[in-house]
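Numbering of residues begins at 1 and proceeds along the displayed sequence. First listed ligand is number 1; within each ligand, the first listed atom is number 1.
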Amino acid sequence: MLIRSSSNIPSSEITPKSTYDAYRRDRRSFLAGLGAMGAAAMLPAVAHADTPGLTRLKTVSSNYKLSETTTPESKAQSYNNYYEFGTDKGDPSRNAHTMHVRPWAVQVEGLVAKPQTIGIDTLINYRPLEDRTYRFRCVEAWSMVIPWNGYPLSEFIKAMNPLPSAKYIQFISLADKAQMPLLGESGINPPYSEGLRMDEAMNPLTLLTFGSYGETLANQQGAPIRVIVPWKYGFKSPKAIVKIRFVKDMPPTTWNDLDAQEYGFYSNVNPNYDNARWSQAHERRLDSASSLFAKTVPTLMFNGYQDQVQGMYAGMDLRKNY
Ligand SMILES: Nc1nc2c(c(=O)[nH]1)N[C@H]1C(S)=C(S)[C@@H](COP(=O)(O)O)O[C@H]1N2
Ligand SMILES: [Mo]
């Protein structure tokens with residue numbers, strides 16, 4: 001299926017097949033023309049999005065397949081957290097169609113060789129979009145197994161040439177009341193902000209994400225660009241990113257500002273740490289279309305990605321640094 005949800009998309013925004021074919025041709029020549037140019041040169045500064053969205057994404061095979069059952073796409077698209085569109089899990093899929101994902105650009109700023117604004121399609125085409133399957137958990141204790149499409153955030157960071165003084169990276173989401181009528185009315189302060197320590201951001205598991213299930217992201221999943229950090233609770237994965245800022249100090253983050261007792265800066269998945277209000281030892285695995293059949297399974301340390309990430313936290317007390 002080329003078009004994700006025609007009911008939500010005005011026909012003017014649907015890419016006709018002829019445009020899509022032309023886009024693919026352009027994309028090939030664009031890539032071929034780049035030849036020996038350096039990585040930074042491959043991300044020209046453009047303030048506007050260049051091509052229409054809603055195309056099927058090109059995926060490459062994955063090193064990250066899990067044996068667990070993939071969550072049905074209908075479930076992943078209808079059970080979301082996205083406070084700009086309401087607090088109920090069903091609200092984002094009902095409400096997020098009011099958002100426009102083209103034109104879109106990401107502003108790169110702070111401690112970086114060359115601050116610049118990059119069009120979303122330039123970002124999408126920068127690297128092949130790997131197909132990874134992640135278990136995705138949230139503090140509210142559910143998990144899904146989702147094939148995300150993107151490329152490692154590290155590739156983007158390397159191309160941006162951060163200064164040695166950049167120790168953290170901050171992500172800032174769109175905050176536009178005109179497109180997000182419930183903005184500021186769900187108890188969190190816009191714009192949504194999240195952050196990672198630089199080594200976390202550079203970890204090969206951290207994905208700059210443009211799609212899921214082989215298509216561009218649905219609005220409720222964070223279109224047109226989000227981050228996925230699979231060993232952390234879901235709120236560490238910001239949606240609809242408009243700014244990426246390289247900074248020296250640990251940046252303020254939305255949920256931590258709201259309640260630091262429950263939502264730590266690190267928020268690594270940790271079944272041994274019961275926060276102020278609930279146990280984090282178990283999760284409901286949403287692997288069928290109906291939540292009624294969700295099985296409760298033990299939560300794994302670092303969401304099962306212990307081998308790939310625990311080295312980053314050596315010597316840190318994860319009960320203090322939660
Ligand atoms: N901009 C923005 N990003 C956000 C949120 C949000 O409210 N606004 N919610 C976070 C939370 S709490 C979770 S659990 C995940 C949910 O992602 P999903 O809907 O793809 O499962 O998105 C995170 N990213
Ligand atoms: Mo969450």
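- Tested against Ser212 for a side chain to side chain donor-acceptor pair (under 3.5 Å), the candidates Glu73, Arg226, Gln221 yield a single pass: Gln221.
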- Item | Worked verdict on Gln170 versus Ser193 for side chain to side chain donor-acceptor pair (under 3.5 Å) | CA-CA 7 Å; Gln170 182 180 13; Ser193 165; 3.0 Å; yes

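- Using a 4.0 Å cut-off between charged side-chain N and carboxylate O, Glu84 and Lys239 make no salt bridge.
- For ligand 1 and Cys138, the ligand atoms under 4.0 Å from any heavy atom of the residue are 13 (C), 14 (S).
- Between Asn80 and ligand 1, at least one N/O pair is under 3.5 Å apart.
- When only interatomic distances are considered, the shortest N/O to N/O separation between Tyr83 and ligand 1 falls below 3.5 Å.
- The closest protein non-hydrogen atom to atom 11 (C) of ligand 1 is Phe235 CA, 3.5 Å.
- Taking distance alone, with nitrogen or oxygen atoms compared against 3.5 Å, Tyr79 stays at or beyond that limit from ligand 1.
- Closest to atom 10 (C) of ligand 1 among all protein heavy atoms lies Tyr192 OH, 3.3 Å.
- Residue contacts with ligand 1: Trp142 is placed with no nitrogen or oxygen under 3.5 Å of a nitrogen or oxygen of the ligand (distance criterion only).
- Protein heavy atom in closest approach to atom 20 (O) of ligand 1: Arg226 NH1, 2.7 Å.
- In terms of protein heavy atoms, atom 21 (O) of ligand 1 is closest to Phe136 CE2, 3.1 Å.
- When the heavy atoms of Asn81, Thr71, Ile146, Leu217 are ranked by distance to atom 9 (N) of ligand 1, first place goes to Asn81.
- Lys75 and Ser291 are linked by a side-chain donor-acceptor pair at a separation below 3.5 angstrom, with hydrogens and angles left out of the test.
- Closest to atom 3 (N) of ligand 1, if we only count protein heavy atoms, is Lys239 N, 3.1 Å.
- With 3.5 Å as the limit, one finds a donor-acceptor pair spanning the side chains of Tyr192 and Trp255.
- The six-membered or imidazole ring of Trp142 lies near that of Tyr79, with a centre-to-centre distance under 6.0 Å.
- Aromatic pair Tyr82/Phe85: ring centres closer than 6.0 Å.
- The single protein non-hydrogen atom nearest to atom 15 (C) of ligand 1 is Gly234 O, 3.4 Å, given as residue, atom name and distance.
- A donor and an acceptor atom, one from each side chain of Tyr313 and Glu200, are located under 3.5 Å apart.
- In terms of protein heavy-atom proximity, atom 23 (C) of ligand 1 is closest to Ser237 O, 3.3 Å.
- In terms of polar-atom proximity, defined here as any N/O pair under 3.5 Å, Glu84 does make such a contact with ligand 1.
- Here Asp199 pairs with Arg197 in a salt bridge; the nearest charged N to carboxylate O distance falls below 4.0 Å.
- Just one residue in the list Tyr263, Tyr83, Phe136 forms a ring-ring contact (aromatic ring centres under 6.0 Å, His included) with Phe235, and that residue is Tyr263.
- Close approach of ligand 1 to Ser173 is summarised as follows: ligand atoms under 4.0 Å from at least one heavy atom of the residue are 1 (N).
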